[in-house]
*Asks:* 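The following block contains the structure, expressed as C-alpha cells.
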Protein chains: 2
Amino acid sequence: MAVNTQFSIAVHIMAGLACQRGRNITSATLAASVNTSPSFVRRILAKLSRAGLVETATGKAGACWLAKDAKDISLLDLYAAVDAPKAFSIHNYTEQKACPVSCHIKTALQKALGKTQKAMEASLAGISLAQIVSDVKQR
Amino acid sequence: MAVNTQFSIAVHIMAGLACQRGRNITSATLAASVNTSPSFVRRILAKLSRAGLVETATGKAGACWLAKDAKDISLLDLYAAVDAPKAFSIHNYTEQKACPVSCHIKTALQKALGKTQKAMEASLAGISLAQIVSDVKQR
DNA sequence: CATAACTGTTACTATAATAGTTTCAGAATG
DNA sequence: CATTCTGAAACTATTATAGTAACAGTTATG
C-alpha cells in the first residue's frame, strides 16, 4: 500500500456523504467509516472542497455535505479533485545525442500515453457518484 | 520519480530493438540509450523475455532481439509483461459493520474501476510498437 | 462571554515501492 | 581457457504516500 489510494478514499467519503445527505457529518464520522484518522480525511476533504464538490462549515457544529447532487458528480471530478498521479509516468533520462530512439522516444510516448490517459478519463467521466451509491445500497 | 517507470522504459527498450533489428544488441548498449545500468535493463528484459516478446542469447556473443515483428506487439503486451501496477488501487481498511458504505464500497469500487482499467487496456492494445517506432523515426 | 467542538493547515514520522548498484554463477565464443 | 555476455539475487538509496500530532481559527451553545 504505497500506491495512491486517495482517489478511492475520496469516492468512499463522497459515497458516505451522499448516503447521509442532510445530516451533518464530521470528519471523525467519515474517518471511522474509512478507518483512518480524521486529519487524513480532512486533508482529502479540503481538496474536494476546493474543487467545489463539497461544502464545509467550521466552528462548533462543524460539518460537511455534498455541494451538488450525486447525479451531477462524476468519478472524473473526484479524480481531478484529488490530483491523483497519471496512470503512466515517463522515465526521465538525459538524451544520448547519438541515439535517435533516446532523443525521440519521449515525445512518441507522450503522444501514445496521452491517448490512453484520455481513454481512462473518459471512462471515469461516464460513472456518476449516484451510480456508486446505488451499487452500495443494492447489497 | 517513485512511480513505476518500467513500462515506459520497456517501450524505450523495445523501440530500440525494433530500430536496430538484425544487429546484435547488448544490455549495455540499451542501458546507454535509456541512461541507466545494464543490470536494470536486464531485469526488464528478463520480463519481456518471459512474456515471449524478446529472445536472448547468453554467453560471450550475448545479445537480444525482438521475438516478433513490431507490428505484432502492442503496448498492452508490454504493459502486461512488465506487470505494471493497476491504474487505481483501492484502500484497504477493516469494515465497520454498522456502516453500509464501509461494507459495500469496496465491491462498488472494484466494479467501477475494473471498467476503467479495461478502457485503459483497450487503448493500449490499439497502439503497436511499430507505430511508436514510426513516430520516433519521423523526427 | 466562556467553553466545547469542529475545520483547515502545517509539520512530522513511518512505511513501502521503486530505482539503481553490486556481485557472482553459468554459458558460449574464439 | 580467457573473455564477455546474460540471469538472478542481494543490497542500498530515494521518494511518494499513509498516517499522526498539534495548533490556530471559528462558531454554536449554555
Side-chain angles (χ1 to χ4, degrees), chain A residues 1-10 12-13 17 23-51 53-65 67 81-94, chain B residues 1-10 12-13 17 23-51 53-65 67 81-94:
Chain A
M1 201 215 299
V3 252
N4 190 304
T5 57
Q6 284 192 33
F7 173 67
S8 62
I9 292 179
H12 187 148
I13 288 175
L17 290 179
R23 296 194 219 169
N24 285 345
I25 301 185
T26 68
S27 63
T29 310
L30 290 169
S33 173
V34 178
N35 208 47
T36 183
S37 68
S39 197
F40 192 48
V41 168
R42 284 203 296 273
R43 196 186 304 166
I44 296 174
L45 224 32
K47 290 183 183 178
L48 295 169
S49 166
R50 274 192 286 273
L53 301 173
V54 305
E55 291 175 354
T56 61
T58 58
K60 182 163 173 179
C64 53
W65 59 91
V82 299
D83 195 34
K86 294 285 173 286
F88 296 107
S89 50
I90 299 178
H91 58 299
N92 59 352
Y93 57 94
T94 54
Chain B
M1 199 216 300
V3 254
N4 190 307
T5 56
Q6 284 192 33
F7 173 67
S8 62
I9 293 179
H12 187 148
I13 289 174
L17 291 179
R23 297 194 219 170
N24 285 346
I25 302 184
T26 67
S27 62
T29 310
L30 291 170
S33 173
V34 178
N35 208 47
T36 183
S37 69
S39 196
F40 191 49
V41 168
R42 282 205 296 275
R43 198 187 301 168
I44 296 174
L45 224 32
K47 289 183 184 180
L48 295 169
S49 165
R50 272 191 289 271
L53 301 173
V54 306
E55 290 176 355
T56 61
T58 57
K60 182 164 175 179
C64 53
W65 60 90
V82 298
D83 195 32
K86 293 286 173 285
F88 297 108
S89 51
I90 299 178
H91 58 300
N92 60 351
Y93 58 93
T94 54

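So you know, we letter chains A, B, ... as the sequences are listed, proteins then strands, and number each from 1.
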*Asks:* What's the CD1-P distance between B:I13 and C:dA19, to the nearest Å?
*Replies:* 12 Å

*Asks:* Indicate, with a heavy-atom threshold strictly under 4.0 Å, whether A:G62 touches base, sugar-phosphate, or nothing.
*Replies:* sugar-phosphate

*Asks:* Closest nucleotide of DNA chain C for B:R42 versus for A:G59: which of these residues is on the 5' side?
*Replies:* A:G59

*Asks:* At under 4.0 Å, does any side-chain N or O of B:R43 touch on OP1 or OP2 of D:dA10?
*Replies:* no

*Asks:* Just to be sure I understand the rule, does A:S39 reach a base, reach only the sugar-phosphate, or reach nothing, if contact means heavy atoms closer than 4.0 Å?
*Replies:* base

*Asks:* C:dA19 C1' sits how many Å from A:I90 CD1, rounded?
*Replies:* 17 Å

*Asks:* Within the structure shown, what part of the strands sits under 4.0 Å from B:S37 by heavy-atom distance: base, sugar-phosphate, or nothing?
*Replies:* base

*Asks:* Among D:dT20, C:dT7, C:dT29, which is the nearest nucleotide to the side chain of A:T26?
*Replies:* C:dT7

*Asks:* On the nucleotide C:dG8, are OP1 or OP2 found under 4.0 Å from the side-chain N or O atoms that A:T56 carries?
*Replies:* yes

*Asks:* Under 4.0 Å between any heavy atoms, over every strand shown, what does B:A28 touch: base, sugar-phosphate, or nothing? Just pick one.
*Replies:* nothing

*Asks:* At under 4.0 Å between heavy atoms, what does A:S27 touch on the DNA or RNA strands: base, sugar-phosphate, or nothing?
*Replies:* sugar-phosphate

*Asks:* Between C:dA28 and B:T58, counting only base atoms on the nucleotide and side-chain atoms on the residue, is there a donor-acceptor pair under 3.5 Å?
*Replies:* no

*Asks:* Considering all heavy atoms of both residues, which atom of B:I25 and which atom of B:L17 are nearest to each other, and what is their separation?
*Replies:* CD1-CD2, 3.9 Å

*Asks:* Could you tell me whether a side-chain N or O of A:S37 sits under 3.5 Å from a main-chain N or O of A:F40, the two making a donor and an acceptor?
*Replies:* yes

*Asks:* Which nucleotide, C:dG20, D:dG19, D:dT17, lies nearest any side-chain atom of A:P85?
*Replies:* D:dT17

*Asks:* Hey, does the side chain of B:Q6 come within less than 4.0 Å of C:dA19's phosphate (OP1/OP2), counting only N and O?
*Replies:* yes

*Asks:* Starting at the 5' end of DNA chain D, which residue's closest nucleotide do you reach first, A:A61 or A:T36?
*Replies:* A:T36

*Asks:* Please report the shortest heavy-atom distance between B:A31 and B:V41, naming the atom on each side.
*Replies:* CA-CG2, 3.7 Å

*Asks:* Which nucleotide in the list C:dT9, D:dG19, D:dG7 gets nearest to the side chain of A:R50?
*Replies:* C:dT9

*Asks:* Please determine, for the side chain of B:K60, which listed nucleotide (D:dA22, D:dT4, D:dA8) has the closest atom?
*Replies:* D:dT4

*Asks:* Which atom pair, heavy atoms only, marks the closest approach of A:L30 to A:C64?
*Replies:* CD1-SG, 4.0 Å

*Asks:* Mind calculating the distance between CG (A:N92) and P (C:dA19) to the nearest angstrom?
*Replies:* 11 Å

*Asks:* Measuring only between side-chain heavy atoms, which start at C-beta, is B:K47 closer than 4.5 Å to B:Q6?
*Replies:* yes

